[in-house]
Protein chains: 2
Amino acid sequence: MAGEELTNRVKQLRFENDRMTQQQLAEQVGVTRQTIITIEANRYSPSLKLAFRIARAFAVSIDDVFQSSLPSADPATEKHGKNK
Amino acid sequence: MAGEELTNRVKQLRFENDRMTQQQLAEQVGVTRQTIITIEANRYSPSLKLAFRIARAFAVSIDDVFQSSLPSADPATEKHGKNK
DNA sequence: ACGTGATGTAAGAAATATATTACATTGCGG
DNA sequence: CCGCAATGTAATATATTTCTTACATCACGT
């Protein structure tokens, strides 16, 4: 699963959300502070489960927290290229 | 990371998308067929990266493919419970 | 009946995410 | 200056995901 990069706005969202601390977020989503740190530092991307929990902690959708860097599939390649 | 269950509509989306086969989807998102199978069978939840790729393969958003079973945070517990 | 494509299962190896522990740094209130 | 909270780093252990390989079944066309 090497591939595109995912960026995230976790750190920013913490600040916007009442200056939530890493520790608080970690507790709320049920992981350790280290996990939050490494995600914020973008050293690896979280599991989908964790992504959902983080998004919910901020009451936003996953796409508001994480962004995929990939260009959104050019017309020629869409729909798994089966047609034409 | 044990926790809530995630359901998904991958199988259904394959059919809706021109009866895409597991193999085709696997190739398009860059994993093996086994990975698709286990995700469809809900034996584990994918990485966020893979979730993004799958969603893009169907040209929908992550939330259209995967659903978290957790109730959407009751008003009392929202905002990381810091206020009251 | 036979071949083939699509789906499914299983076991073990490999990769990646998460936990645990311990310590360093920085900023701030006293 | 001192203490403390918040952030960060690193090393190692554990858990979970993904790959590889091999084989089974089921439906379909011929």
Determine the contact category for A/Lys11: base if any of its heavy atoms lies under 4.0 Å from a base atom, sugar-phosphate if only primed atoms, P, OP1 or OP2 are that close, otherwise nothing. sugar-phosphate

Rounded at 0.5 Å granularity, tell me how far OG1 in B/Thr32 sits from CD1 in B/Ile37. 8.5 Å

The nucleotide from D/dG8, C/dT18, C/dT7 with an atom nearest the side chain of B/Arg14 is C/dT7

Heavy-atom side-chain contact between A/Leu6 and B/Phe52 under 4.5 Å: yes

Straight-line distance of B/Gln24 CD to B/Ile36 CD1, nearest 0.5 Å: 11.5 Å

Counting side-chain heavy atoms from C-beta on, which of D/dT17, C/dT18, C/dT7 comes nearest to A/Pro46? C/dT18

Do any pairs count as a salt bridge (charged side-chain N to carboxylate O under 4.0 Å, His left out) and have a residue in residues 28-42 of chain A, sequence neighbours left out, and if so which ones? A/Arg14-A/Glu40

What is the per-nucleotide protein-contact pattern of nucleotides 19-25 of chain D, from the 5' end, where B denotes a base atom under 4.0 Å from a protein heavy atom, S denotes such proximity for sugar-phosphate atoms only, and - denotes neither? SBBB---

Those residues at least two apart in sequence (or on a different chain) that pass side-chain hydrogen bond (donor to acceptor under 3.5 Å, both in side chains) with A/Thr38 are A/Tyr44

Select one nucleotide: of C/dA6, D/dT17, C/dG8, the one nearest the side-chain heavy atoms of B/Ser45. D/dT17

Do A/Phe58 and A/Leu25 come close enough that some side-chain heavy atom pair is under 4.5 Å? yes

Using atom CG of B/Asn42 as one end and atom P of C/dT9 as the other, report the distance to the nearest whole Å. 13 Å

